[in-house]
Undergrad: 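I have a structure here, written as structure tokens, and I will follow up with some questions on it.
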Amino acid sequence: MPGDTPGAPEAYARTFEGDGMATVELRFSAQPEHVRTARLVAAAVARRAGVDEAVLDEVRLAVGEACSRAVGLHRSHGITAPVSVALTEEEKAFSIEVGDSVPGPGADPTESGAGDASGGGSGAGSARPDSEADGEGEDEMGLAVISGLVDDVEVRSGAGGGVIRMSWPTADAAVRP
């Protein structure tokens with residue numbers, strides 16, 4: 001597996017087709033400079049999937065917001081796991097899922113490996129409570145921007161992390177009744 005080899009690249013992408021849906025997966029280290037790459041890949045895959053040209057800017061902006069949010073969460077919680085992006089071409093829609101590895105509210109931070117191994121009381125490795133208070137307004141603003149750009153958006157959070165799922169109709173869906 002490419003991500004398991006020593007010296008593996010910072011970003012990793014693969015494409016596969018199963019049960020009729022083409023999917024591109026992108027994983028990148030939680031660095032702000034990788035967000036631009038995710039935006040560019042998302043726009044290119046969306047175009048190929050048949051998303052209307054007029055909507056591509058919205059796709060780019062929404063993916064940028066979702067990836068920036070995931071990067072910020074990883075960095076503020078000291079998580080080294082990569083941010084994941086799955087771009088899926090479905091029969092009548094194109095969807096993007098941006099995932100982070102930050103446990104949701106009430107989850108045990110030690111389960112995800114996000115805990116601070118030094119045991120120091122800085123709170124940097126805690127699971128969203130104290131350290132989220134500062135970034136909570138920024139997080140809510142990012143989600144509001146995404147909601148304004150995307151009609152079909154779903155936000156989920158659990159012990160394994162959070163996912164923002166966004167989808168747009170493809171040209172095929174607009175033509176069919």
Undergrad: So, do Arg47 and Val59 sit near enough that their side-chain heavy atoms are less than 4.5 Å apart?
TA: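 Contact flag for Arg47/Val59 side chains = no.
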Undergrad: Does some side-chain heavy atom of Met166 sit less than 4.5 Å from a side-chain heavy atom of Val63?
TA: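 Val63 reaches Met166 side chain to side chain.
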Undergrad: Looking at residues at least two apart in the chain, or sitting in another chain, which of them share a side-chain contact (heavy atoms from CB on, under 4.5 Å) with Leu40?
TA: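 Result, side-chain contact (heavy atoms from CB on, under 4.5 Å) vs Leu40: Arg36.
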Undergrad: As an exercise, state the distance from CZ of Arg39 to CG of Asp57, rounded to the nearest 0.5 Å.
TA: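 It comes to 11.0 Å.
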Undergrad: Under the salt bridge (Lys or Arg N to Asp or Glu O under 4.0 Å) rule, collect the residues that match up with Glu97, sequence neighbours excluded.
TA: Arg165
Undergrad: If we count only N and O atoms by modelled type, under 3.5 Å, do the side chains of Glu90 and Ser95 hold a donor and an acceptor together?
TA: yes
Undergrad: Side-chain contact test, heavy atoms from C-beta onward, threshold under 4.5 Å: evaluate it for Val102 versus His74 and give yes or no.
TA: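 In short, these two side chains touch, coming nearer than 4.5 Å.
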Undergrad: Nearest 0.5 Å, please: how far is CE in Met141 from CD in Glu65?
TA: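 Reported value, rounded in 0.5 Å steps: 9.5 Å.
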Undergrad: Closest heavy-atom contact between Ala54 and Asp52?
TA: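 Between these two residues, the closest heavy atoms are N-OD1, 2.8 Å.
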Undergrad: Please round to the nearest 0.5 Å and tell me the distance separating atom OG of Ser167 and atom NZ of Lys92.
TA: 13.5 Å
Undergrad: To check you understand the geometry: which heavy-atom pair defines the closest contact between Glu58 and Trp168, and what is its length?
TA: O-CZ2, 4.5 Å
Undergrad: Of the non-hydrogen atoms in Leu56 and Ala43, which two are nearest, and what is the gap between them?
TA: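 Heavy atoms only, the tightest pair is CD2-O, 3.9 Å.
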Undergrad: Would you mind listing every salt bridge (charged side-chain N to carboxylate O under 4.0 Å, His left out) that reaches into residues 141-154, with sequence neighbours excluded?
TA: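 Qualifying pairs: Glu154-Arg156.
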Undergrad: Would you mind telling me which of Val153, Ile146, Val145 makes a side chain to side chain contact (heavy atoms under 4.5 Å, CB included) with Leu149?
TA: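 Option passing the side chain to side chain contact (heavy atoms under 4.5 Å, CB included) with Leu149: Val145.
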Undergrad: Could you tell me which non-hydrogen atom of Ala49 sits nearest to which non-hydrogen atom of Phe94, and how far apart they are?
TA: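 Answer, listing the atom of Ala49 first, then Phe94: CB-CD1, 3.7 Å.
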Undergrad: Please report the closest heavy-atom contact between Pro103 and Ile79, naming both atoms and the distance.
TA: CD-CD1, 4.4 Å
Undergrad: Taking atom OG of Ser157 and atom CG of Leu73, what is their separation to the nearest 0.5 Å?
TA: 9.0 Å
Undergrad: Heavy atoms only: give me the nearest Ala70-Val98 pair and the separation to one decimal.
TA: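 Where Ala70 meets Val98 most closely, the heavy atoms are CB-CG1, 4.2 Å.
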Undergrad: Under a 4.5 Å cut-off applied to non-hydrogen side-chain atoms, are His77 and Ser101 in contact?
TA: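 Side chain of His77 against side chain of Ser101, heavy atoms only: no contact under 4.5 Å found.
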Undergrad: Shared ILVMFWY cluster between Val41 and Val163, side chains joined below 4.5 angstrom?
TA: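 In one cluster: no.
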Undergrad: Is there a side-chain contact between Leu143 and Ile164 (heavy atoms, below 4.5 Å)?
TA: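 Leu143 vs Ile164: side chains touch.
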Undergrad: Side-chain heavy atoms nearer than 4.5 Å, only ILVMFWY residues, links allowed to pass through others: does that put Val83 and Leu61 together?
TA: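 Yes, one cluster joins them.
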